[in-house]
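As structure tokens, the structure follows; a few thoughts come after it.
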Amino acid sequence: MTDWRGTPLVDFHCHLDLYPDHSGAVLQRDEERVFTLAVTTTPKAFPRNKELADRTKYVRAALGLHPQLVAERAHELSIWKEYLPSTRYVGEVGLDAGRLFYHSFEDQKNVFEEVLTASAEAGGKILSVHSVRCAKVVLDMIEAKLPIGTGRVVLHWFTGSASEARRAAEMGCFFSVNAAMLRKEKSRKLVESLPEDRILTETDGPFANQDQNSSGPADVKPARDGLAALFGCERERISERISANLNSLLR
Ligand code: MN
């Protein structure tokens with residue numbers, strides 16, 4: 001198995017297929033040696049993502065069904081299940097209790113429960129999980145349906161409370177942190193409280209794109225540099241820490 005220690009950069013949540021030049025974005029990430037989890041919002045997008053990722057060393061494709069799309073696409077769960085055996089990575093999945101998506105919350109819970117159950121049955125999956133305004137429900141469901149040892153969870157752009165973060169860490173979860181989280185005082189405090197050995201970086205590009213002038217995918221360096229500033233250490237040390245964390249997640 002590949003040893004990811006020493007990998008220069010990690011973007012554990014990026015929508016490469018939502019950039020104008022999808023294949024160019026995948027190639028760019030591979031050339032720049034950025035370990036990138038290319039998440040998808042619908043299972044129909046997965047085969048093309050996988051085909052491109054399989055030609056690279058650094059890009060992996062994740063099989064998703066985004067909670068914000070569940071209202072229209074819950075029926076695609078059967079396609080999601082069909083593709084599950086072909087990948088180790090699942091995402092973007094989870095729940096969104098924000099104002100715009102709360103109307104589908106019951107359907108979202110049904111889909112997420114099936115995603116967790118199928119992942120646990122398959123074993124060895126790594127999930128990138130969305131949890132807007134419902135950290136507690138997401139953690140309750142993970143605890144019940146994907147218990148420790150049956151799969152691993154990376155909480156993407158986590159905005160729950162410090163005690164919820166502590167609970168997630170005790171459950172074995174990792175956290176992928178982006179630059180936008182490090183610009184707000186409240187989420188900075190939360191990131192500061194996370195166990196150092198559970199932190200990864202992400203861009204969530206193009207949704208949290210901080211460098212809209214560039215034509216390629218969002219840069220993950222601002223997240224790394226923000227963590228270095230927050231923890232008061234050298235960038236190199238943060239990079240080493242994050243690649244060691246990636247290694248422990250993927251081993
Ligand atoms: Mn996303």
Side-chain angles (χ1 to χ4, degrees), residues 9-20 22 25-26 29 34-46 48-50 52-53 59-74 76 80 83 87 89-102 104-105 108 111-112 115-116 119 125-135 137-138 142 152-160 168 173-184 187 190-191 199-212 216-220 222-224 226 246 249:
L9 290 165
V10 175
D11 182 355
F12 211 78
H13 187 109
C14 185
H15 299 265
L16 290 180
D17 62 357
L18 300 183
Y19 285 90
H22 179 196
V26 172
R29 284 308 179 84
V34 185
F35 182 101
T36 304
L37 189 69
V39 293
T40 54
T41 56
T42 147
K44 286 188 175 159
F46 178 72
R48 177 66 176 153
N49 274 269
K50 170 126 174 86
L52 293 173
V59 181
R60 297 293 180 273
L63 173 61
L65 182 45
H66 198 293
Q68 295 176 352
L69 297 183
V70 160
E72 303 85 43
R73 292 176 180 262
E76 290 187 24
W80 182 91
Y83 292 141
T87 183
Y89 301 94
V90 171
E92 177 164 4
V93 294
L95 299 177
D96 192 315
R99 190 173 48 86
L100 293 174
F101 304 100
Y102 193 72
S104 66
F105 201 60
Q108 292 178 39
V111 166
F112 190 45
V115 162
L116 293 170
S119 298
K125 306 296 185 193
I126 297 172
L127 286 71
S128 181
V129 174
H130 176 114
S131 57
V132 168
R133 302 188 80 134
C134 54
V137 182
V138 164
I142 292 169
R152 311 192 84 172
V153 169
V154 180
L155 294 164
H156 136 71
W157 203 330
F158 187 76
T159 53
C173 298
F174 284 65
F175 302 83
S176 53
V177 172
N178 60 52
M181 293 169 74
L182 296 169
R183 283 194 290 266
K184 286 189 185 148
S187 46
L190 178 86
V191 172
I199 297 176
L200 298 169
T201 40
E202 66 161 51
T203 59
D204 200 19
F207 295 114
N209 209 338
Q210 65 276 24
D211 54 351
Q212 282 160 350
D219 193 346
V220 78
R224 177 203 58 187
L246 179 70
L249 175 68

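One-based numbering along the sequence shown. Everything numeric here is computed off the predicted structure, so don't read it as measured data. Ligands are counted one by one from 1 in listed order, and the atoms in each one are counted from 1 as well.
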(request) Take the angle between the ring planes of Phe207 and His15 and call it parallel below 30°, perpendicular above 60°, tilted in between. (result)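 The arrangement is perpendicular - the two ring planes meet at more than 60°.
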(message) Closer than 4.0 angstrom, basic N to acidic O: yes or no for Arg48 and Asp17?
(response)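 Looking at Asp17 together with Arg48, the answer is no, because their closest N to O distance does not fall below 4.0 Å.
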(message) We want to know whether Asp204 and His13 form a side-chain donor-acceptor pair, criterion being a heavy-atom distance below 3.5 angstrom.
(response)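 The answer is yes; a qualifying pair exists.
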(request) Would you check if there is a donor-acceptor pair between the side chains of His22 and Asn49 at a distance under 3.5 Å? (result)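 Side-chain D/A pair, Asn49 to His22: present.
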(request) Would you mind naming the N, O or S atom of Asp204 nearest to the Mn ion (ligand 1)? (result)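 Going through the N, O and S atoms of Asp204 one by one, OD1 ends up nearest to the Mn ion (ligand 1).
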(message) Among the N/O/S atoms of Glu92, which is closest to the Mn ion (ligand 1)? Give the atom name.
(response)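 Answer by atom name: OE1.
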(request) Please calculate the NE2(His13)-the Mn ion (ligand 1)-NE2(His15) angle and round it to 10 degrees. (result)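 An angle of 100° at the metal.
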